[in-house]
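Keep in mind the model is a prediction, meaning the values are calculated, not measured. Start at 1 with the first residue, then count along the sequence.
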Amino acid sequence: MTNNDSKNVKAVELGKYIAKTECTVRDAAKQFGMGKSTVHKYVTERLPALEPELSERVRKILDYNLSVRHLRGGEATKQKCAHKTTT
């Protein structure tokens with residue numbers, strides 16, 4: 001198996017994982033031991049050519065995560081501040 005083949009296999013695995021768990025790119029990167037930029041590149045550039053239908057499902061999840069990231073960030077900050085005041 002060539003290097004490109006293994007990258008293609010990894011792109012499909014990442015796509016299936018994200019579609020199944022509806023996780024963020026950061027969570028998928030942690031699960032697969034990769035950088036989040038690498039995960040993003042695999043699922044946005046490689047995956048569409050390999051499995052367009054799966055790619056579309058992953059794209060919808062990524063778009064949703066992008067639309068709510070400001071809410072998640074605000075919640076994380078709120079919890080961080082609450083933790084500091086209790087200790």
Exercise for review: Quick one: which residue pairs count as a ring pair (Phe, Tyr, Trp, His ring centres under 6.0 Å) with a foot in residues 22-46, not counting sequence neighbours?
Suggested key: Y17-F32
Check your understanding: For C23 and D27, which heavy atoms make the closest approach, and how far apart are they?
Key -> CB-CB, 3.8 Å
Review point. Taking only residues two or more places apart in sequence or in another chain, which ones pass ring pair (Phe, Tyr, Trp, His ring centres under 6.0 Å) with Y64?
Key: none
**Study point:** Least distance between heavy atoms, V39 atom then A28 atom
**Key:** CG1-CB, 4.2 Å
Practice item. Begin with the C-alpha distance, continue with both residues' side-chain angles, and end with the deciding distance and a verdict on side-chain contact (heavy atoms from CB on, under 4.5 Å) for K60 and R57. Key: CA-CA 5 Å; K60 286 179 183 177; R57 290 197 333 248; 5.9 Å; no
Practice item. Might you work through the side-chain contact (heavy atoms from CB on, under 4.5 Å) test for M34 and L14, ending with a clear yes or no? Key: CA-CA 11 Å; M34 305 169 81; L14 283 163; 3.9 Å; yes
Point to revise | Any donor-acceptor pair under 3.5 Å from N8 side chain to R46 backbone | key: no
Practice item. Looking only at non-hydrogen atoms, find the nearest pair between V43 and I18 and report the distance. Key: CG1-CD1, 4.1 Å
Review point. Just wondering, do E13 and K16 contact through their side chains at under 4.5 Å, heavy atoms?
Key: no
Review point. Got R59 and T44 here, is their nearest side-chain heavy-atom distance under 4.5 Å?
Key: yes
Practice item. Output, in order, the C-alpha distance, side-chain angles, deciding distance and verdict of side-chain contact (heavy atoms from CB on, under 4.5 Å) for L47 and L54. Key: CA-CA 8 Å; L47 191 57; L54 175 61; 4.0 Å; yes
Check your understanding: Do you reckon L50 sits in the same ILVMFWY cluster as L62, going by side-chain contacts under 4.5 Å, direct or chained?
Key -> yes
Check your understanding: Looking only at heavy atoms, which two atoms of V12 and E51 are closest? And how far apart?
Key -> CG1-OE2, 3.4 Å
